[in-house]
Amino acid sequence: MLDINLIRKEPDAVRAMLTARGGSANSLDAILTLDVQRREILTQSEVLRATRNTVSKEIGRMSDPAEREARKMEMRSVGDQITALEADLGGIETQLADLTAALPNMLDPRTPIGPDEDHNVILRVEKGSAPEVTFAPKMHDELGVALDMIDFERGVKLSGSRFYVLNGWGARLQRGLIAWMLDLRQEQGYAERYLPFMVKQQTLFAAGQLPKFRDNLYHDAEEDFWLVPTAEVPLTNLHGDEILDVADLPRLYCAYTPCFRREKMSAGKDVRGIKRGHQFDKVEMYAFTRPEDSDATLEKMRADAEETLRKLGLTYRIKQLCSGDLGFGSRITYDLEVWSPGCSEWLEVSSVSNVGDFQARRAGIRFRREKGAKVEFVHTLNGSGLGLPRTVIAVMENYQQADGSIVVPEVLRKYVGTDVISKK
RNA sequence: GGAAGGAUGGCUGAGUGGUUUAAAGCGACGGUCUUGAAAACCGUUGUCAGGCUACGCUUGACCGUGAGUUCGAAUCUCACUCCUUCCGCCA
């Protein structure tokens, strides 16, 4: 949610942001008009309320019955006026809130301007320590079936297309990665949380998923339960409606959750393997910081995500998203993409964003610098650390051997329970 | 799923239609006293939104949420949510 004061004072900056993101600025004038109307009506109704409050107290003290009745009559009509004004006000505030909630976040000055993903900027490529695959590499789905790690048929039987079952070493490789990454996050200073995988509507609104991304969410038909599309949603709301102690900032969290997304996936794209599905696992990083610390925390989180790939020995690159490709709530985003020789593709495994106070405003997450000081909104940041299926793919394809077996990266061996995954 | 009870400020807790401007206590913060601390005493102590030549003053809203009754609601009515306890069911 943008600050209404910002929209009021710097409408041109907001308009420029909307254009840079490739959106329409049509609602802006309506917002400004409604904002003026709102304040006018609010002032009128408050003056009437003040009158009624005063007179009502006088009525309580009056002894003359005729006088008393006369004043009651007067106040009855004042009450009617207040009711009418507040009905108008309610309508205006609803419209204003709907329009404002649909506005995306302002851009960080470092975010490059561009219309679409072709204008994202590759900042750097880091070569991994894993030995290069010198033979014709296989894709992970082929490897997975051959080594009995992935069962596509039974996944489809259970839940339909894009679902799969991980068998034996496949399941262990994923579980090992999750456990190892959570332990790594712990060392990096993130406190682990185990979270609800279903949340209520308000929780999704505060994280900026609703109302805009309603079509991408799964929810229960009878009760107010929505499946989380990312751990970012419950993590944002962990401190919703709280005023945090400045001594506790920054607060860093990590959490493992499955993620559920209703995506309209085109038939020809990403059909092979486990790259994209309606359900996937992820370890998430999240931070609540003072405004002046969020830039540094963004760099820390990016570095922490990078450390994961470096320790796994994988080659990756860092991409900075341009304005047209940036997420709704983000001011600035780095994507981490890992090289996977089987599918011969850079796979997005992490996205690290500084959200500024955008979610904090929606969720009411504040802090106070000192006793008696005004409350201020915190900044929040989120980053994947990392998305699982694609990390699994990258490990499988990068560490495959000519004989069809897969070497388990050093750091994962005690988590997975073997050095090499091979045909039994 | 059934039954009963409850929800008031940072915490405890009073208030059942008009001196409530939400009592009192605790805590926290500031001060006096002290070599220092404690004790004692004095003072301060929420959030949100308006307005005002504005580091302050002022108006309104907020007693779980939303409606309603009334000149006036923490207080009365209705609906809902959540919590606690008991029963049932269950991993």
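Every chain is numbered from 1, with letters handed out A, B, ... down the list of sequences. From a predicted model like this one, the values you see are computed outputs, not experimental measurements.
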Distance, rounded to the nearest Å, where [X] contributes [atom1] and [N] contributes [atom2]:
X	N	atom1	atom2	value
A/E242	B/rU47	CD	P	15 Å
A/L48	B/rC71	CG	C1'	14 Å
A/I59	B/rA73	CD1	C1'	15 Å
A/Q202	B/rG66	CD	P	12 Å
A/E376	B/rU47	CD	C1'	16 Å
A/Q201	B/rU65	CD	C1'	15 Å
A/E69	B/rU70	CD	P	13 Å
A/R368	B/rA28	CZ	P	17 Å

Nearest-neighbour nucleotide for the A/I243 side chain, B/rA49, B/rG51, B/rU47 considered: B/rU47
Out of B/rU47, B/rG18, B/rG50, whichever nucleotide has its closest atom nearest the side chain of A/S56: B/rG18
Test item: side-chain donor near acceptor, A/D224 and A/W226, under 3.5 Å: yes
Sidechain N-carboxylate O distance under 4.0 Å for [X], [Y]:
X	Y	result
A/E284	A/K282	yes
A/E74	A/R71	yes
A/D64	A/R68	no
A/E376	A/R369	yes
A/D29	A/R15	yes
A/R76	A/D80	no
A/E299	A/R302	yes
A/E345	A/K275	yes
A/E153	A/K157	no

OP1 or OP2 of [N] less than 4.0 angstrom from a side-chain nitrogen or oxygen of [X], does that happen here?
X	N	result
A/R52	B/rA73	no
A/R76	B/rC71	yes
A/R68	B/rC71	no
A/K374	B/rU47	no
A/R39	B/rG51	yes

Position toward the 5' end of RNA chain B (nearest nucleotide), A/E58 or A/N5: A/E58
Closest-nucleotide 5' rank along RNA chain B - winner of A/R38 and A/M73: A/R38
Touch class at under 4.0 angstrom, heavy-atom based, for A/R8 against every strand present: sugar-phosphate
Sugar-phosphate only, base, or nothing, as touched by A/L42 at under 4.0 Å among non-hydrogen atoms: sugar-phosphate
Check the interface with nucleotides 56-60 of chain B: list each N/O to N/O pair with the protein under 3.5 Å, or write none.
residue, atom, partner, partner atom, Å
B/rU59, O2, A/E46, OE1, 3.3
B/rG60, OP1, A/N53, ND2, 3.4

Any donor-acceptor N/O pair, A/T308 side chain to A/A305 backbone, under 3.5 Å: yes
Heavy-atom donor-acceptor pair, A/D325 side chain to A/D116 backbone, under 3.5 Å: no
Residues in contact with RNA chain B, drawn from residues 91-106 of chain A - heavy-atom cutoff 4.0 Å: none
Give me the distance, rounded to whole Å, that separates [N] from [M] when you measure between the [atom1] atoms they each carry.
N	M	atom1	result
B/rU75	B/rU53	P	38 Å
B/rC33	B/rA38	C1'	12 Å
B/rA67	B/rG50	C1'	25 Å

Residue of the set A/F377, A/Y286, A/Y253, A/F367 for which ring-ring contact (aromatic ring centres under 6.0 Å, His included) holds with A/H239: A/Y253
Dot-bracket summary - RNA chain B, pairs being Watson-Crick or G-U whose distances fall under 3.5 Å, with | when paired to another strand: ((((((((.[[[..)..(.....]]]((((((.......))))))(((((((...))))))).[[[[[..)....]]]]])))))))....
